[in-house]
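Throughout, numbering of the chain's residues begins at 1 and tracks the sequence.
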Amino acid sequence: MSEVRLPAEPRTEFGKGGARRTRRAGKIPAVIYGHGADPRHVSLPAREFGHAIKHGGANVLLTLDLEGSDQLAIPKAIQRHPIKGLFEHVDLLAVRRGEKVTIEVPLTIVGEVIRGGLLATENNTVSIEAEATNLPSEIEVNIEDLEIGSHITAGDLKLPAGSSLAGDAEQVLLLIQEAPTAAQLEAEDAAEGEAAEGAVEGDTAEGAPAADAAE
């Protein structure tokens, strides 16, 4: 996995106003949790953090240079602006080399769906336990040649060395369903159109008495 060194500064301003000032300075408000210690409020450089996430994934291992000492941490929750996509806040989990942690790892689909099939994603991540310094950024799932009606569970995954499943092995992740025919899609569109027309007519009928009364 990737390991990235970032400078971190103690943060003394809290609340929405303090967070806004931190972000305007090109930094991200963050909190470090873990190991029974009190939460530590810090700020991280926004550009460098974004680069670390882009190239190392959401489970990137960070070495934070904090007040002259190093602190290993991994992101546990990242808040982003819903429109601009900017990082607004980060929760970090303090870790030590050699210790194991439980994380959610995204799935990456490889291969083509069989002709006439449709891929349905029930879950796009899986929970695993691994050493904090050897966390996978993704787990590949090969769907090549899977027949219609087949499925993949968490227990079917080939996990990286040193990793073990932390969740339910029977959890269904992916399904290969039969793709709808053109006639079925046309029938669904027609049904949706009729339902929409009915809703409009109902709204008009409900509004008519009110208009009469107003007059």
Side-chain angles (χ1 to χ4, degrees), residues 1-4 46-62 73-88 90-93 95 100-197:
M1 69 172 295
S2 300
E3 183 172 343
V4 178
R47 179 175 295 182
E48 288 87 341
F49 179 80
H51 184 81
I53 293 296
K54 180 179 179 179
H55 295 281
N59 295 319
V60 63
L61 179 65
L62 302 174
I74 57 174
K76 287 297 289 183
I78 300 174
Q79 296 177 19
R80 304 185 73 159
H81 191 281
I83 298 175
K84 298 179 181 179
L86 301 175
F87 296 101
E88 294 196 320
V90 180
D91 286 342
L92 300 166
L93 176 66
V95 297
K100 290 194 172 184
V101 296
T102 299
I103 60 169
E104 291 291 324
V105 181
L107 304 178
T108 298
I109 311 300
V110 296
E112 298 292 332
V113 181
I114 192 171
R115 185 179 179 85
L118 179 69
L119 176 64
T121 302
E122 296 293 311
N123 294 279
N124 55 17
T125 64
V126 65
S127 181
I128 70 165
E129 184 182 61
E131 286 192 7
T133 54
N134 192 31
L135 300 176
S137 58
E138 63 181 13
I139 295 177
E140 286 192 352
V141 185
N142 193 340
I143 62 171
E144 194 75 32
D145 299 327
L146 286 180
E147 299 293 333
I148 294 174
S150 58
H151 64 272
I152 295 177
T153 66
D156 295 327
L157 297 178
K158 183 178 180 181
L159 300 180
S163 301
S164 60
L165 192 64
D168 182 6
E170 300 301 317
Q171 180 187 35
V172 176
L173 305 174
L174 306 170
L175 299 165
I176 305 297
Q177 301 175 339
E178 185 175 2
T181 64
Q184 289 173 327
L185 291 175
E186 289 178 2
E188 289 179 5
D189 289 343
E192 290 177 0
E194 291 175 0
E197 289 178 3

So which atom in [X] and which in [Y] form the shortest heavy-atom distance, rounded to 0.1 Å?
| X | Y | result |
| --- | --- | --- |
| Glu170 | Thr153 | O-CG2, 4.0 Å |
| Asp168 | Ala154 | O-CB, 3.5 Å |
| Val172 | Asn123 | O-ND2, 2.8 Å |
| Pro75 | Ile78 | CB-CD1, 4.0 Å |
| His81 | Lys84 | ND1-N, 2.9 Å |

Counting only heavy atoms not in Glu178 (residues, nucleotides, ligands), do more than 12 fall under 6.0 Å from its CD? no

For a 4.5 angstrom cut-off between non-hydrogen side-chain atoms, does Leu157 reach Ile128? no

Within-4.5 Å side-chain heavy-atom neighbours: Leu135 and Leu61: no

So, taking the atom named [atom1] in [X] and the one named [atom2] in [Y], what distance separates them when rounded to the nearest 0.5 Å?
| X | Y | atom1 | atom2 | value |
| --- | --- | --- | --- | --- |
| Arg80 | Leu86 | CZ | CG | 8.0 Å |
| Phe49 | Leu92 | CZ | CG | 6.5 Å |
| Asn124 | Glu104 | CG | CD | 9.5 Å |
| Ile148 | Leu175 | CD1 | CG | 12.5 Å |
| Ser150 | Ile143 | OG | CD1 | 9.5 Å |
| Ser163 | Lys100 | OG | NZ | 8.0 Å |

Please determine whether side chain to side chain contact (heavy atoms under 4.5 Å, CB included) holds for the pair Val141 and Leu173, giving the CA-CA distance in whole Å, both sets of side-chain angles, and the decisive distance to 0.1 Å. CA-CA 10 Å; Val141 185; Leu173 305 174; 5.6 Å; no

Taking side chain to side chain donor-acceptor pair (under 3.5 Å) as the test, write out the residues that go with Thr102, two or more places apart. none

Under 3.5 Å, sequence neighbours excluded: what are the donor-acceptor pairs made by side chains of residues 108-119?
residue: Thr108; atom: OG1; partner: Glu138; partner atom: OE1; Å: 2.8

Would Ile74 and Asn59 count as a side chain to side chain contact (heavy atoms under 4.5 Å, CB included) if you check the C-alpha gap in whole Å, the side-chain angles of each, and the deciding distance to 0.1 Å? CA-CA 6 Å; Ile74 57 174; Asn59 295 319; 5.8 Å; no

Take Leu146 and Ile152 through the side chain to side chain contact (heavy atoms under 4.5 Å, CB included) test and state the conclusion after the steps. CA-CA 9 Å; Leu146 286 180; Ile152 295 177; 3.6 Å; yes

